[in-house]
Amino acid sequence: MSTIWNKEKVAELFELPLTDLLFTAQTIHRQHFAPNEVQLATLLSIKTGQCPEDCSYCPQSAHYDTGLEKESLLDVAGVIEDAKLAKANGSTRFCMGAAWRSPPKKDFPKVIEMIKAVKDLGLETCVTLGMLDKDQAQQLHEAGLDYYNHNLDSSPEFYKKIITTRTYEDRLVTLENVRQAGIHVCCGGIIGMGETRQDRIEFLLQLANLSEAPESVPINRLMAIKGTPLENAEPLDNLEFIRMIAVARIMFPTSYVRLSAGRDTMSEEMHALCFMAGANSMFSGDTLLTAPNPETNKDNQLLNKLGMSITKTDTQHANQVAG
Ligand code: SAM
Ligand code: DTB
Ligand code: SF4
């Protein structure tokens, strides 16, 4: 039976003594996942920059001058090469992102080709292309897409302060279209944008209130990008980030909780505590979409030092099948 979450219950988790919170999160984590494994996913920006949306954190928005080179949609052959490399480096999922409000009709067939080609390599496929209608979601499902990433990012109230070109409701509609089409949902957010803990609680409750919990929950720590309105955002306290991971693990016991943007400035000890808090996935490869991520060698060394290994099969689905 699933827990019915409300603001008070989530706030109580955030307020636990840190070791109690970590212990609870790790206990739940071990009931559903191999404790010393981390899933790797690799990102590729298939269409970079000049996005019409005004997300205040994003280097790819056409509204801000972040010095980013605009690129048109990549060729399928190049995408396949990158996906092969990602697989060789241990990734089991390949996520292709495009800086679109929604996918343009003329580019959609090429994206479908990319999904099929990456899937043929034996990788799980994920795309993040902005808003989708029911028909687009259905076409992606028919192409064999495994996951669609579409983040709620923050609480409904805070969202209005960081994005004005679309509504929270728009996001919810896309997420439901994805779910109804039979695609797994990857949905998370960013913390460290100046939101309050209350916003973080309300954001997690929104995730919990989706028709089904997202199978992947990426937690990004704001990378303050020069030229964006958030370039001078106050850095988030490390312990609050760790608490956020732990609360996400407790609320979404069978989901992958992914350490996402912001790892490039996290210490080994910070990574270790995030894993202790229940993070069991991370982006691998030295670039996220456009921003830096730790090098593969450095990640491999870290996992060695921690005695951890890379997840080879999707234990989440194995557990669900096993009940
Ligand atoms: N355009 C698509 C969309 O918005 O759904 C997908 C790409 S967008 C870059 C995916 C997510 O990356 C955002 O929702 C946000 O959570 C995260 N992100 C973008 N810029 C970031 C930054 N500077 N720091 C941390 N996370 C960031
Ligand atoms: C997610 O939540 N984080 C990833 C992925 N989903 C698409 C993207 C992070 C982007 C960070 C900024 C950049 O690389 O441009
Ligand atoms: Fe565009 Fe996505 Fe960046 Fe927003 S987060 S500006 S929608 S690429």
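Please read all numbers here as calculations on a predicted model, not as lab measurements. Order of appearance sets the numbers: ligands from 1, and atoms from 1 within every ligand.
Judged by a 6.0 Å distance limit and a 45° cone about the ring axis, R258 is positioned over the six-membered ring of F283.
Ligand 2 places these atoms under 4.0 Å from at least one heavy atom of P59: 15 (O). Taking every heavy atom of I225 and a limit of under 4.0 angstrom, the matching atoms of ligand 1 come to 23 (N). Residue N220 has at least one heavy-atom neighbour below 4.0 Å for each of these atoms of ligand 1: 16 (O), 25 (C), 26 (N). Atom numbering of ligand 2 starts at 1 in the shown order; those under 4.0 Å from a heavy atom of N220 are 1 (C), 2 (O), 3 (N), 9 (C). Distances below 4.0 Å separate heavy atoms of A291 from the following atoms of ligand 2: 12 (C), 13 (C), 14 (O), 15 (O).
Between the choices N151, T228, I163, the shortest heavy-atom distance to atom 13 (C) of ligand 1 belongs to N151. Here the shortest heavy-atom distance to atom 27 (C) of ligand 1, taken over L129, L289, I190, belongs to I190. Here atom 1 (N) of ligand 1 lies nearest to A98 when heavy atoms of G97, A224, A98, C51 are compared.
The nearest heavy-atom contact from the protein to atom 15 (O) of ligand 2 is T290 OG1, 2.6 Å. The nearest heavy-atom contact from the protein to atom 2 (C) of ligand 1 is T128 OG1, 3.6 Å. The nearest heavy-atom contact from the protein to atom 7 (S) of ligand 3 is R166 NH1, 3.3 Å. For atom 6 (N) of ligand 2, the closest non-hydrogen atom on the protein side is N149 OD1, 3.4 Å. Protein heavy atom nearest atom 20 (N) of ligand 1, with residue, atom name and distance: Y57 CD1, 3.3 Å. Looking from atom 24 (N) of ligand 1 to the surrounding protein, the closest heavy atom is M223 N, 3.0 Å.
At a threshold of 4.5 Å between non-hydrogen side-chain atoms, the residues I190 and Y57 count as touching. Looking at heavy atoms from C-beta onward, S284 lies out of side-chain contact with R263 at the 4.5 angstrom threshold. A 4.5 Å side-chain heavy-atom check between L152 and L172 finds at least one atom pair inside the cut-off. Inter-residue side-chain proximity for S61 and E53 is flagged as unmet; no heavy-atom pair is nearer than 4.5 Å. The shortest distance between side-chain heavy atoms of P294 and D286 does not fall below 4.5 Å. Counting only heavy atoms from C-beta outward, the side chains of P59 and T290 approach each other to under 4.5 Å. Considering only heavy atoms from C-beta on, I225 stays 4.5 Å or farther from E231 through its side chain.
The shortest N or O to N or O distance between A261 and ligand 1 is not under 3.5 Å. Every N/O-N/O distance between S260 and ligand 2 stays at or above 3.5 Å. Taking any N or O of T128, backbone or side chain, none lies under 3.5 Å from an N or O belonging to ligand 2. For ligand 1, the polar-atom distance check against N149 finds no nitrogen or oxygen pair separated by under 3.5 Å. Considering backbone and side-chain N/O of N151, one or more are found under 3.5 Å from N/O of ligand 2. Considering both main-chain and side-chain atoms, Q60 never comes within under 3.5 Å of ligand 1 through any nitrogen or oxygen pair. For ligand 2, one of its N or O atoms has an N or O atom of L289 under 3.5 Å away.
The part of P218 lying near ligand 2 is the side chain, judged by heavy-atom distances below 4.0 Å. Looking at L43 against ligand 2, only its side chain comes within 4.0 Å, counting heavy atoms. Contacts with ligand 1 closer than 4.0 Å are made by side-chain heavy atoms of D153 only, the backbone lying farther away.
Classification of K84 and E81 as a salt-bridged pair holds, one side-chain N sitting under 4.0 Å from a carboxylate O. Of the charged side-chain nitrogens involved, none lies within less than 4.0 Å of a carboxylate oxygen, so that E37 and K312 do not count as a salt-bridged pair. Salt-bridge formation is not detected for the pair R93/D146: no Lys NZ or Arg NE/NH1/NH2 atom is positioned less than 4.0 Å from an Asp or Glu carboxylate oxygen. In summary, K298 and E268 do not engage in a salt bridge, as defined by a charged side-chain N under 4.0 Å from a carboxylate O. We find that E71 and K47 are not joined by a salt bridge, their nearest charged nitrogen and carboxylate oxygen being 4.0 Å or further apart.
Under 2.8 Å from atom 3 (Fe) of ligand 3, one finds the following protein N/O/S atoms: C58 SG.
D237 places a side-chain N or O within 3.5 Å of a backbone atom of L239 that can act as its donor or acceptor partner. A side-chain donor-acceptor contact under 3.5 Å links K87 to the backbone of L121. In this structure, the side chain of H184 does not engage the main chain of E215 through any donor-acceptor pair within 3.5 Å. Using modelled atom types, one side-chain atom of N280 and one backbone atom of V257 make a donor-acceptor pair closer than 3.5 Å.
Under a 4.0 Å heavy-atom criterion, R221 is in contact with ligand 1. Residue contact annotation: R171 has a non-hydrogen atom under 4.0 Å from ligand 1. Taking a 4.0 Å cut-off on heavy atoms, G188 fails to register as neighbouring ligand 2.
The only member of L43, V79, T125 that meets side chain to side chain contact (heavy atoms under 4.5 Å, CB included) when paired with F94 is V79.
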| message | Applying ring pair (Phe, Tyr, Trp, His ring centres under 6.0 Å) to F33 and Y256, what does each step give before you reach the verdict? | response | CA-CA 9 Å; F33 291 98; Y256 278 90; 5.0 Å; yes
| request: For the pair Y148 and R179, evaluate side chain to side chain donor-acceptor pair (under 3.5 Å) and give the outcome as yes or no after the intermediate values. | output: CA-CA 9 Å; Y148 195 80; R179 181 58 83 197; over 6 Å; no
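When distances from atom 2 (Fe) of ligand 3 to the protein are checked, no heavy atom turns up under 4.0 Å.
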